[in-house]
Structures are given as structure tokens and as C-alpha cells.
Number of protein chains: 2
Amino acid sequence: MRPLNTKSKEDILALAIPLFARSGYSGVSMRSIAQKVGVTVAALYHHFPDKQTLYLAAMTQVFVDKDERLGEILSSSIEPKKRLAQFMTSFCEVVDKDNDFCMLIQREMMDGDESRLRLLATEVYHDLFQGVTNLCQELDPKQDPYLLAISIIGMVMYHFQTAPMRPYLAHSKEQHSDPQVIARHVTNFALQGLKTG
Amino acid sequence: MRPLNTKSKEDILALAIPLFARSGYSGVSMRSIAQKVGVTVAALYHHFPDKQTLYLAAMTQVFVDKDERLGEILSSSIEPKKRLAQFMTSFCEVVDKDNDFCMLIQREMMDGDESRLRLLATEVYHDLFQGVTNLCQELDPKQDPYLLAISIIGMVMYHFQTAPMRPYLAHSKEQHSDPQVIARHVTNFALQGLKTG
DNA sequence: GTCTATAGCCGGATAGAC
DNA sequence: GTCTATCCGGCTATAGAC
């Protein structure tokens, strides 16, 4: 058993992740992390050589953890339409519950250098895109599955990204933030579009 | 005429905007702005009482400028299907050309407090959402126009948000970043969905 | 593995000369 | 309207005791 008043790397990262999610790399100081963890700054530097390394370790932990769950969602081999509906429901749930994850991939997309963008691509998007493009190819082989995958994933994520702003928008209602309502809507829209044919 | 070696508020903001877009509020120092403008920090404080005020002035300028263009795109009264296609083309063009704008609304959505989110809602999203919801109601009155508007706008923006990461993703091609290709794809997808009916 | 103490730099902000 | 010079607090990071 680990002593109660010492902290492992994982303890530190678990507390640092929500800070980075809410304020970004430059908005979080080693002091603020140390305070949250309940140690001094010097203790953090015992575990990590510098702030960047701590940050990268935090991103890696978040992304690798999530990768597994996102892969599972799409790996079943049931009928395509049902698989799409199930994916939408599960994906909406994951994104709704883990707001930190959502914000971090957004921040990495904007702030990441080459190596961080590569981590994001391989650890977060690879399996997700693979699954969605496969699904799209089964459902509608005539459209470009790559463009479809981006559209579908983006369509879903935007509902959660815009959530903080939407209360100040006209005609916004509580139900528009309900992951189940969103999942039903995007499934329907993806399958049928605007039904103007 | 203004002397050549003095700077107006607008000059300062025009140079500060790309800095804030690329690095965020806490990633940009008054020193870095001063250097880019070619004055000392003290000169900046002659024009703005503090960093926050300068930042807010920058956001307001970006957003109010853009509001007009986005409103125009949707105000025509041609046939709905054609209006959607035209909107997609124009919207993709605007988002593609003004990357700073794109990143700033993204950052504001994540970092903004209540008053900044309200600015974002009224100055950027209000006209855009109004136009798109109207259009959706004409095209398919049976679906919730609010949810449709979020899906459609998000679907488009995600293509540009993910652009920096996509080079590291499997099967990515140059053409997937072409605004005209994206516009054609999203128009088609929005109108017909996955055509599985 | 954590602490205290501190180095050294960079941040926002101001005073007062020109 | 811009400058030089400066204040002071917060920042990353390190040294050395326990």
C-alpha cells in the first residue's frame, strides 16, 4: 500500500486534467496544480521534469483511456442502421459525461504542435474514424466516407461544444442539451437528411 | 491624416487579433502585442486601461464585422434548396478564409464568462441561427429547426476545425480541405442524408 | 517523496519626461 | 501619443535539508 500523504503520478494527473481542460496549458500554473493536489511545487518536479512533460502525460492518459471506449462502440457487427443509432447514443453519452475530454481534444486541435496533433490523431480519432467510415461505406457507398465521417462526428460534437453559449441564444430549450434527444435527432438527420426528395 | 509613427486603437486591435486567435488570452502578453505593433507596452496602456479591455475590444471588432457578412448570406429569398447550396458555399468560404475568426469563436465558447458568451450569441450566432432555422423550417417542417441548425453549422465548422489534425489521420487527402469540395458534400448530405431509405 | 528557500525571469501595470 | 524606467507579484525551475 502507498502511504496516504504521498502522491503517485496518476494522482497528480487525475487532478491536473480538469484544470488543463478548463483553462488550457498557459492558463494553469504549476502552483495551481500543486495546490489542488495538496503538495508543494517542488514535489511535482520530483515526478515530472517540467510542466510540458506533465501536460503531455496528462493528455496521453486522457486520450488512451478514451480510445478504448470509442473503439468498442463501433466494433459490433449488427445491422448498419441499428449500429449507427447505437453509436450515436453511446457517443452522445460519452461526450456529454466527459466534458474535460471534449475540451481537451478541442484545445489540442488549436494549440497542438506536430507531435501533439499526431497523438490526437492516432489515440483519439483513428479508431473512431475507422469505425464511422466503415459504417458510412456500408450505408451509402456512393458518398465519400471520409467526408461523411467528419460531418457526422462534427455534427454530434457541436451540440456539446455550443452548450455553454446556447442559453444566450433565442429559442433555446432545456431539451436541446439532453444527450438522448440529440442522439435521436442526429441519427434521424444522418439517415434521412432534410427529406426534401 | 494620422502621423505615421502613431497607432490608432484599430491598428493595435488588427495586430492583436491574430495573436489571440493563435495563442488564446493567457498565451498572449502585452509585451508580445506591443512588439508586433511596434510600440512599447506603455503606449498600449494609453489606448486601453488593461489587457482585458483590449481583448474584449478585439473580440467585439471581429464579431461585429463578421455578423454583417453572415447575415447577408442568408437574407436572400430564392428557392430554399438553392439558398441552402448558396449558403453552404459562402459559409465554407468565409470560414476557410478567416481562420482567426474560427479559432476565436471556438476559444470564446470554452473560455468565455457569461458576458462574453452573450456577446458571442448576439453578435455571431443570432443572425446565422435565425437564417438557418428559417431555412430548415421551409425545407423540412417536421424536424426541430433548432437542432437542425446546430447540426448543419457544426457539420460545416468541424471540417475546418479538424484541418490541422487531419494530415496525421489515415486516408486524408488534399481535396478534403478544399472549401468547394466541402460545400458540395455538406449540401448533398444535408439534403439527402445517407440515402438508405 | 516532500519540504523550505530562493534564483531568475516574465507578467501586468504605472509614473513622469518629452 | 510615445518613451524610459521601474514596481511588484507570479511564474518555472532548482538546491539542499529531512
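Lettering of chains follows the sequences in order, A, B, ..., and the numbering in each one begins at 1.
- Within 4.0 Å (heavy atoms only), Thr40(A) reaches at least one base atom of the nucleic acid.
- Comparing dA15(D), dG1(D), dA13(C) by their closest approach to the side chain of Tyr45(B) singles out dA13(C).
- In this structure, Tyr55(A) places its OH atom 20 Å from C1' of dA13(D), rounding to the nearest Å.
- Salt bridge Arg107(B)/Asp111(A): present, at least one basic N to carboxylate O contact under 4.0 Å.
- Annotation: the span from Cys136(A) atom SG to Ile150(A) atom CD1 amounts to 10.5 Å, rounded to 0.5 Å.
- Rounding to whole angstrom units, CD of residue Glu10(A) and P of dG1(C) are separated by 12 Å.
- One can find a donor-acceptor pair under 3.5 Å joining the base of dG12(C) and the side-chain atoms of Arg31(B).
- Put simply, Ser29(A) has no side-chain N or O that comes within less than 4.0 Å of OP1 or OP2 on dG10(D).
- Taking a 6.0 Å sphere around CD of Gln175(A), one finds it holds more than 12 heavy atoms contributed by other residues, nucleotides or ligands.
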Which pairs of donor and acceptor atoms, one on a side chain in residues 54-65 of chain B, lie under 3.5 Å apart (sequence neighbours left out)?
from: Tyr55(B); atom 1: OH; to: Glu108(B); atom 2: OE2; distance (Å): 2.4
from: Thr60(B); atom 1: OG1; to: Leu56(B); atom 2: O; distance (Å): 2.7

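- Taking atom CD1 on Ile33(B) and atom C1' on dG12(C), their separation rounds to 11 Å, with Å as the unit.
- Residue His47(B) places at least one side-chain N or O under 4.0 Å from the OP1 or OP2 atom of dT2(D).
- Per the geometry, NZ belonging to Lys51(A) stands 17 Å off C1' belonging to dT14(D), to the nearest Å.
- When each of His176(B), His159(B), His171(B) is checked for a ring-ring contact (aromatic ring centres under 6.0 Å, His included) with Tyr146(A), only His176(B) meets the rule.
- Picking from dA15(C), dA13(C), dT2(C) the nucleotide with the shortest atom distance to the side chain of Ala42(B) gives dA15(C).
- Along DNA chain C, the nucleotide nearest to Gly38(A) and the one nearest to Asp50(B) differ in position, and the one closer to the 5' end is contacted by Gly38(A).
- Checking dT2(C), dC3(D), dA13(C) against the side-chain heavy atoms of Val41(B) singles out dA13(C) as nearest.
- Remark: C1' of dT4(C) and CG of Leu44(A) are 15 Å apart, rounded to the nearest angstrom.
- Residues from residues 20-28 of chain B with heavy atoms under 4.0 angstrom of DNA chain C, sorted by number: Val28(B).
- The NZ atom of Lys9(A) sits 12 Å away from the P atom of dT2(C) (whole-angstrom rounding).
- Heavy atoms from other residues, nucleotides or ligands lying under 6.0 Å from CD of Gln52(A) number 12 at most.
- Note on Asp178(B) versus Arg184(B): no salt bridge recorded, every NZ/NE/NH1/NH2 to OD/OE distance being 4.0 Å or above.
- In this structure, His46(A) atom NE2 and dC18(D) atom P are separated by 19 Å, rounded to whole Å.
- Between the CZ atom of Phe48(A) and the P atom of dT14(D) there is a distance of 15 Å, given to the nearest Å.
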